[in-house]
Amino acid sequence: QPPAVALALIPSIVVVVSDGGRLMMGTLVVGMMVVYILDVLKMAEAALISLWCTLVGVYLAMLVATDLFTPARSPLSSIALLLSNCLCLFLAGIWATLQFR
């Protein structure tokens, strides 16, 4: 079932990253390039660690780059967006970790 999980995660990751703008996109692209290079060099542990560091970096970039806490949005909906984006990135990280078997 892993391809089905990947197909389900792709749209949600695209929405999360597209909301953050250039900073999130740049963080994700550079981080995934590092993960890919480490994986090609057969350094699986380093690739896995850099994958999780990339996901944390994407989340931090989202906190910096987006305007989640604006007067037009209630604080409760801002917190819900933060949690849902965090869970989406966490699920993507769990799925990617399972691919390193």
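All values below come from the heavy atoms of this structure, side chains included, with hydrogens, waters and symmetry mates left out.
With rounding to the nearest 0.5 angstrom, the OG1 atom of Thr27 is 11.0 Å from the CE atom of Met32. Remark: Met62 CE to Leu82 CG distance equals 5.0 Å, nearest 0.5 Å.
Judged as a side chain to side chain contact (heavy atoms under 4.5 Å, CB included), and not counting sequence neighbours, the contacts of Ala65 are Leu23.
Using a 4.5 Å cut-off between side-chain heavy atoms of Ile, Leu, Val, Met, Phe, Trp and Tyr, with links allowed through other members, Met24 and Val30 fall into different hydrophobic clusters. A chain of hydrophobic side-chain contacts below 4.5 Å, direct or via other Ile, Leu, Val, Met, Phe, Trp or Tyr residues, connects Val16 to Ile79.
Judged by distance alone, with hydrogens and angles left aside, the side-chain atoms of Ser12 form a donor-acceptor pair with the main-chain N or O of Leu9 at under 3.5 Å.
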Side chains of residues 34-57: which donor-acceptor partners sit under 3.5 Å, not counting sequence neighbours?
from: Ser50; atom 1: OG; to: Ala46; atom 2: O; distance (Å): 3.1
from: Ser50; atom 1: OG; to: Ala47; atom 2: O; distance (Å): 2.9
from: Trp52; atom 1: NE1; to: Thr97; atom 2: OG1; distance (Å): 2.8
from: Thr54; atom 1: OG1; to: Ser50; atom 2: O; distance (Å): 2.7

For a quick test of your reading: what N or O donor-acceptor pairs under 3.5 Å do the side chains of residues 83-94 make, sequence neighbours left out?
from: Ser84; atom 1: OG; to: Ala80; atom 2: O; distance (Å): 3.2
from: Ser84; atom 1: OG; to: Leu81; atom 2: O; distance (Å): 3.0
from: Asn85; atom 1: ND2; to: Leu81; atom 2: O; distance (Å): 3.4

